Asker: 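This is the structure I want to talk about, given as structure tokens.
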Amino acid sequence: MAIASPSTPTFSPSFCCRTRTDPIRFVKSSSLRFNPTRSPLHRPLTITARLNSSTPSNGYVSPDNNNNNNDLQDELQHGVSVSQRSRSGSPVFVALPVDAVTGSCQLRRRKAMAQSFRALAAAGVEGVVMEVWWGIVEREAPGVYDWEGYGEIVAMARRCGLKVRAALAFHQCGTGPGDPFWIPLPQWVLEEMDKDPDIAYSDRFGRRNVEYLSLGCDILPVLCGRSPIQAYADFMRNFRDTFRPFLGGIITGIQVGMGPAGELRYPSCPIQKLTWAWRTRELGEFQCYDKYMLASLNACARVIGKREWANSGPIGASNLMQDPEGTEFFKTDGLWNTPYGEFFLGWYSGMLLLHGERICSETETIFRGTKVNTSGKVAAMHWHYGTQSHPSELTAGYYNTSARDGYLPIARIFGRYGFTLSCTCFEKQDADEKQMNPLSSPEGFLRQLLLAARNCDVPMEGENSAVTLDDGSFQQVLKMSKFYSDGLKTPSFSFNFVRMDKNLFEYRNWVSFTRFVKQMSDTESFRAYLEFGGVDKGLSSGCFDDFGAVLAC
């Protein structure tokens with residue numbers, strides 16, 4: 001039996017700000033209206049936000065956004081029983097499908113989304129992860145933002161009693177126009193890249209990577225008079241002002257993208273390579289050959305009087321040989337462990353740390369006082385963790401070797417700005433990975449990262465790197481979360497399951513998933529009862545086919 005769906009709210013077109021504005025300051029107001037529908041459970045709510053304003057809007061905000069008692073009353077009026085929703089353990093969030101919002105910022109499959117949200121709430125899931133793409137929101141022109149589809153998601157989550165984590169994605173999604181999940185950078189950014197190709201990363205072969213703007217030009221006005229950091233900050237500020245009434249109540253987390261795949265790293269392995277089966281042997285390429293990165297390298301080398309180190313990246317870091325021992329730079333006694341290697345890797349990783357700190361600083365300032373949790377993501381480059389030089393980590397920008405901890409500096413930055421540290425591969429086990437690559441150790445990598453987070457008192461967000469729904473994978477997540485939390489007086493761990501699709505709602509998978517949610521949440525009674533229209537709609541096994549069928553549309 002399918003779960004009844006409430007009527008879908010209608011949205012005022014004024015919520016989509018399509019008027020060209022000044023590239024630096026935005027003073028045009030936008031509004032989102034939730035109009036009454038046929039259901040008596042839905043009452044009107046009007047929200048007005050002033051774009052890029054540091055002061056609260058003058059528009060009407062429903063009082064239930066501002067106190068817990070009214071929040072409870074509102075959820076009850078919308079049919080969600082909130083008893084037993086408090087947790088003493090680790091909350092679980094579920095990432096939405098990549099294509100939840102169209103390229104024109106319209107919500108896809110509203111009926112399926114509403115059904116899925118109610119099922120997640122019934123399973124005890126805390127909330128959803130909503131990826132907010134730069135290439136969709138600011139696609140038309142600099143300073144022109146369209147949040148419409150994301151506003152619908154937030155409204156739907158609110159009605160279903162779910163929280164929202166917004167992942168602000170400043171990177172490309174997919175491998176190209178033929179990819180069904182293709183989301184490029186904004187068109188106007190790509191046009192600027194055509195004019196100046198060096199704002200894209202480049203490797204030693206001159207191959208450009210357009211997944212994310214080169215951090216070498218972070219503070220240079222290469223984007224129609226703005227720097228990339230200014231563009232990211234303006235985007236975050238506009239998001240804050242538009243969704244201000246929901247921040248801290250419904251929207252409880254902001255994950256800020258810091259590189260390819262949203263991770264603080266260089267695009268050392270192109271996205272298409274990371275999808276190949278043999279990716280675990282990929283060494284990666286240093287991304288330091290655009291003119292901005294080379295200018296920085298040149299300046300640093302001249303400061304220490306080593307001009308011969310100034311003009312390029314390492315020689316002998318061949319990526320053609322997949323065995324690190326076959327390269328001059330990465331082999332056990334290679335150049336990585338020489339004064340030159342230490343200089344280059346210190347500069348290369350230092351540039352990445354500086355990029356992360358710039359974004360953390362802007363984010364902390366923008367969202368200060370909103371009571372949202374801010375987080376950043378680190379990549380799980382564990383392919384060669386069992387070697388001395390850790391080449392796949394070095395090319396990604398993590399100066400982590402057998403003799404040096406490359407993740408502690410990142411944890412310190414995150415701790416300084418009150419950030420949570422997010423990472424994937426919590427479900428991966430060494431025994432499985434070593435069958436493909438004996439040098440790989442996702443568990444070893446993750447333990448090192450978790451210890452760095454513990455030492456710096458940084459909260460953790462776990463994530464799976466593959467959509468695995470078997471009990472073994474879920475138990476591995478529980479094991480690694482326990483490794484982080486054990487012994488801490490106030491552990492702060494949560495998990496983002498990636499991601500919601502039709503397979504999640506197949507009966508056998510759903511049983512495993514809900515069991516996992518209960519184990520993570522650590523509640524005696526984790527089930528929330530849904531009473532849409534005054535009738536208790538239980539989740540029988542017959543409803544899962546309906547979910548899958550609708551999501552497949």
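These numbers were taken from a predicted model, which means no experiment stands behind them.
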Asker: Return the set of residues passing ring-ring contact (aromatic ring centres under 6.0 Å, His included) with Tyr398 (not counting sequence neighbours), or none when no residue passes.
Answerer: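 Tyr398: ring-ring contact (aromatic ring centres under 6.0 Å, His included) contacts with Tyr407.
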Asker: Show, in sequence, the C-alpha distance, side-chain angles and deciding distance for Phe474 and Phe426, and conclude whether the ring-ring contact (aromatic ring centres under 6.0 Å, His included) test is met.
Answerer: CA-CA 9 Å; Phe474 287 136; Phe426 268 73; over 10 Å; no
Asker: Kindly state whether the ring of Phe516 and the ring of Phe497 have centres lying under 6.0 angstrom apart.
Answerer: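 Not close enough - the centres of the two rings lie 6.0 Å or further apart.
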Asker: Could you give the distance from NZ (Lys482) to CG (Leu478), rounded to the nearest 0.5 Å?
Answerer: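 One gets 10.5 Å once the value is rounded to the nearest 0.5 Å.
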Asker: Do you know which two heavy atoms are closest between Phe445 and Ala379, and how far apart they sit?
Answerer: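 Scanning both residues, the minimum pair turns out to be CZ-O, 3.5 Å.
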Asker: Can you tell if the side chain of Ser268 reaches within under 4.5 Å of the side chain of Glu285, non-hydrogen atoms only?
Answerer: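 The answer is no, as the side chains (C-beta and beyond) never meet within the 4.5 Å cut-off.
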Asker: Are side-chain heavy atoms of Glu463 and Cys423 found at a separation under 4.5 Å?
Answerer: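 Sidechains of Cys423 and Glu463: no contact.
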Asker: Step through it carefully: locate the ring centre of His171, locate the ring centre of Trp134, and say whether they are under 6.0 Å apart.
Answerer: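 No, the ring of His171 stays outside the 6.0 Å limit from the ring of Trp134, centre to centre.
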Asker: Using only atom types and a distance under 3.5 Å, with no angle test, would you say the side chain of Thr252 pairs donor to acceptor with the backbone of Gly248?
Answerer: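 No, Thr252 side chain to Gly248 backbone: no donor-acceptor pair under 3.5 Å.
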Asker: Looking at Arg404 and Tyr399, would you say the former's side chain and the latter's main chain have a donor-acceptor pair under 3.5 Å?
Answerer: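 Here the side-chain-to-backbone pair exists.
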Asker: Do Phe505 and Trp510 have their ring centres less than 6.0 Å from each other?
Answerer: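 Between Trp510 and Phe505, which both carry aromatic rings, the centre distance is below 6.0 Å.
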Asker: Run the salt-bridge test on Glu364 and Arg416 with the 4.0 Å N-O cut-off and return the result as yes or no.
Answerer: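 A salt bridge is absent here (no side-chain N lies under 4.0 Å from a carboxylate O).
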Asker: Glu126 and Leu162: side-chain contact (heavy atoms from CB on, under 4.5 Å), yes or no, with the steps?
Answerer: CA-CA 6 Å; Glu126 180 78 5; Leu162 294 173; over 6 Å; no
Asker: Applying the ring-ring contact (aromatic ring centres under 6.0 Å, His included) test to Phe286, which of Tyr266, Tyr201, Phe344 qualifies?
Answerer: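 Passing option: Phe344.
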Asker: Are any non-hydrogen side-chain atoms of Ser481 and Phe495 less than 4.5 angstrom apart?
Answerer: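 SC-SC contact between Ser481 and Phe495 ruled out.
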Asker: Between Glu362 and Arg358 (salt bridge meaning N to carboxylate O under 4.0 Å), is one present in this structure?
Answerer: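 Looking at Arg358 together with Glu362, the answer is no, because their closest N to O distance does not fall below 4.0 Å.
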Asker: Has the side chain of Ser389 got a donor or acceptor atom that lies under 3.5 Å from a matching backbone atom of Phe330?
Answerer: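 Looks like yes, one N/O pair under 3.5 Å.
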Asker: When you compare the side chain of Ile183 with that of Ile136, does any pair of heavy atoms fall below 4.5 Å?
Answerer: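 When only atoms from C-beta onward are counted, Ile183 and Ile136 do touch, with a gap below 4.5 Å.
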Asker: Is the side chain of Arg265 donor-acceptor paired with the backbone N or O of Gly397 at a distance under 3.5 Å, no angle test?
Answerer: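 Such a contact is absent between Arg265 side chain and Gly397 backbone.
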Asker: Report the C-alpha separation of Ser465 and Glu427 in whole Å, then their side-chain angles, then the decisive distance to 0.1 Å, and conclude whether the side chain to side chain donor-acceptor pair (under 3.5 Å) test is met.
Answerer: CA-CA 7 Å; Ser465 54; Glu427 88 288 6; 3.0 Å; yes
Asker: Would you say Thr395's side chain and Leu283's backbone share a donor-acceptor pair under 3.5 angstrom?
Answerer: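 A pair under 3.5 Å: yes.
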Asker: Are Tyr212 and His355 an aromatic pair by the rule of ring centers under 6.0 Å?
Answerer: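 Yes, the ring centres sit under 6.0 Å apart.
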Asker: Can we say Asp471 and Arg515 salt-bridge, meaning some charged N sits less than 4.0 Å from an Asp/Glu carboxylate O?
Answerer: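 Here Asp471 pairs with Arg515 in a salt bridge, since their nearest N and O are under 4.0 Å apart.
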Asker: Between Ser402 and Gln388, is the side chain to side chain donor-acceptor pair (under 3.5 Å) condition met? List the steps.
Answerer: CA-CA 5 Å; Ser402 59; Gln388 294 291 306; 2.9 Å; yes
Asker: Keeping Asn337 on the side-chain end and Asp333 on the backbone end, is there a donor-acceptor pair under 3.5 Å?
Answerer: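 No, because the side chain of Asn337 does not come within donor-acceptor range (under 3.5 Å) of the backbone of Asp333.
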Asker: Any chance you could measure Thr401, atom OG1, to Glu342, atom CD, to the nearest 0.5 Å?
Answerer: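 Between Thr401 OG1 and Glu342 CD, I get 9.0 Å after rounding to 0.5 Å.
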Asker: Could you tell me whether Asp457 atom CG has more than 12 heavy atoms of other residues or ligands within 6.0 Å of it?
Answerer: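 Atom CG in Asp457 is not crowded, with 12 or fewer foreign heavy atoms closer than 6.0 Å.
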Asker: Does the plane of the ring in Trp147 sit parallel, tilted or perpendicular to the ring in Phe243? Use 30° and 60° as the thresholds.
Answerer: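 Correct class here is perpendicular.
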Asker: State whether the side chain of Asn400 and the backbone N or O of His390 hold a donor-acceptor pair below 3.5 Å, judged by distance alone.
Answerer: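 No; judged by distance alone, with no hydrogens or angles, the pair does not exist.
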Asker: I'd like to know if Arg109 pairs up with Asp99 as an ion pair, taking the criterion as any Lys NZ or Arg NE/NH1/NH2 lying under 4.0 Å from an Asp or Glu carboxylate oxygen.
Answerer: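 Here Arg109 pairs with Asp99 in a salt bridge, since their nearest N and O are under 4.0 Å apart.
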Asker: Is there a side-chain contact between Phe93 and Val125, using heavy atoms and a 4.5 Å cut-off?
Answerer: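 Of all side-chain heavy-atom pairs linking Val125 with Phe93, none is under 4.5 Å.
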Asker: Could you list the residues that satisfy ring-ring contact (aromatic ring centres under 6.0 Å, His included) with Tyr484, not counting sequence neighbours?
Answerer: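 Partners of Tyr484 under the ring-ring contact (aromatic ring centres under 6.0 Å, His included) test: none.
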Asker: I'd like to know if the side chain of Ser473 reaches the main chain of Leu469, judged simply by a donor and an acceptor atom lying under 3.5 Å from each other, with no hydrogens or angles considered.
Answerer: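 No; judged by distance alone, with no hydrogens or angles, the pair does not exist.
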Asker: Please report the closest heavy-atom contact between Leu120 and Val128, naming both atoms and the distance.
Answerer: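 Answer, listing the atom of Leu120 first, then Val128: CD1-CG1, 3.9 Å.
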Asker: Heavy atoms, side chains only, cut-off 4.5 Å: are Val101 and Tyr150 in contact?
Answerer: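 Heavy-atom side-chain distance check passes, below 4.5 Å.
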Asker: In Å, rounded to the nearest 0.5 Å, how long is the span from CD of Glu393 to NE2 of His384?
Answerer: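 If I round to the nearest 0.5 Å, the distance is 10.0 Å.
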Asker: Test side-chain contact (heavy atoms from CB on, under 4.5 Å) on Val378 and Ser422; report intermediate values, then the result.
Answerer: CA-CA 6 Å; Val378 171; Ser422 177; over 6 Å; no
Asker: With distance as the sole test, does Asn509 use its side chain to make a donor-acceptor pair with the main-chain N or O of Asn503 at under 3.5 Å?
Answerer: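 Yes; judged by distance alone, with no hydrogens or angles, the pair exists.
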Asker: Just by distance, with hydrogens left out, do Glu131 and Gln255 show a side-chain donor and acceptor under 3.5 Å apart?
Answerer: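 No, no side-chain donor-acceptor contact under 3.5 Å.
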Asker: To check you understand the geometry: which heavy-atom pair defines the closest contact between Met236 and Phe170, and what is its length?
Answerer: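 So the minimum-distance heavy-atom pair works out to CG-CZ, 4.3 Å.
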Asker: Would you check if Asn464 and Val477 make a side-chain contact, meaning some heavy-atom pair closer than 4.5 Å?
Answerer: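 Counting from C-beta outward, Asn464 and Val477 never come under 4.5 Å.
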Asker: To the nearest 0.5 angstrom, please state how far the CD atom of Glu461 sits from the NZ atom of Lys377.
Answerer: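 The CD atom of Glu461 sits 9.5 Å away from the NZ atom of Lys377.
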Asker: Establish, yes or no, whether the cationic atom of Arg158 lies under 6.0 Å from the six-membered ring centre of Phe246 and within 45° of the ring axis.
Answerer: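 No, Arg158 and Phe246 do not form such a contact.
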Asker: Looking only at heavy atoms, which two atoms of Leu107 and Ala100 are closest? And how far apart?
Answerer: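 Shortest heavy-atom separation between Leu107 and Ala100 comes out as CD1-O, 3.4 Å.
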Asker: When you measure from the side chain of Asp501 to the backbone of Leu504, do you find a donor-acceptor pair of N or O atoms at a distance under 3.5 Å?
Answerer: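 Yes; at least one donor-acceptor contact below 3.5 Å.
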Asker: Are Gln448 and Tyr385 linked by a side-chain donor-acceptor pair shorter than 3.5 Å?
Answerer: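 Yes.
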Asker: Show the numbers, then the answer: is there a salt bridge (charged side-chain N to carboxylate O under 4.0 Å, His left out) between Lys428 and Glu433?
Answerer: CA-CA 7 Å; Lys428 289 193 175 295; Glu433 292 297 309; 3.4 Å; yes
Asker: Might you point out which heavy atoms bring Leu96 and Arg499 nearest each other, and give the distance in Å?
Answerer: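 Closest pair (atom of Leu96, atom of Arg499, distance): O-NH1, 2.6 Å.
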Asker: Which atom names give the shortest non-hydrogen contact between Lys331 and Trp336, and what distance separates them?
Answerer: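 Shortest heavy-atom contact: O-NE1, 2.7 Å.
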Asker: Could you tell me the separation between the CZ atom of Phe513 and the CG atom of Asp470, rounded to the nearest 0.5 Å?
Answerer: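 Reported to 0.5 Å precision, the distance equals 14.0 Å.
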Asker: If you apply the rule side chain to side chain donor-acceptor pair (under 3.5 Å), what do you find for Arg165 with Ser375, and how did you get there?
Answerer: CA-CA 10 Å; Arg165 280 179 174 167; Ser375 65; over 6 Å; no
Asker: Check whether any side-chain heavy atom of Met520 lies under 4.5 Å from a side-chain heavy atom of Lys518, and answer yes or no.
Answerer: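 Heavy-atom side-chain distance check fails, nothing below 4.5 Å.
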Asker: Taking NZ, NE, NH1 and NH2 as the nitrogens, is one of them in Glu357 or Arg412 under 4.0 Å from a carboxylate oxygen of the other?
Answerer: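 Looking at Arg412 together with Glu357, the answer is no, because their closest N to O distance does not fall below 4.0 Å.
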Asker: Report the distance from atom CG of Leu264 to atom SG of Cys360, rounding to the nearest 0.5 Å.
Answerer: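 Between Leu264 CG and Cys360 SG, I get 8.0 Å after rounding to 0.5 Å.
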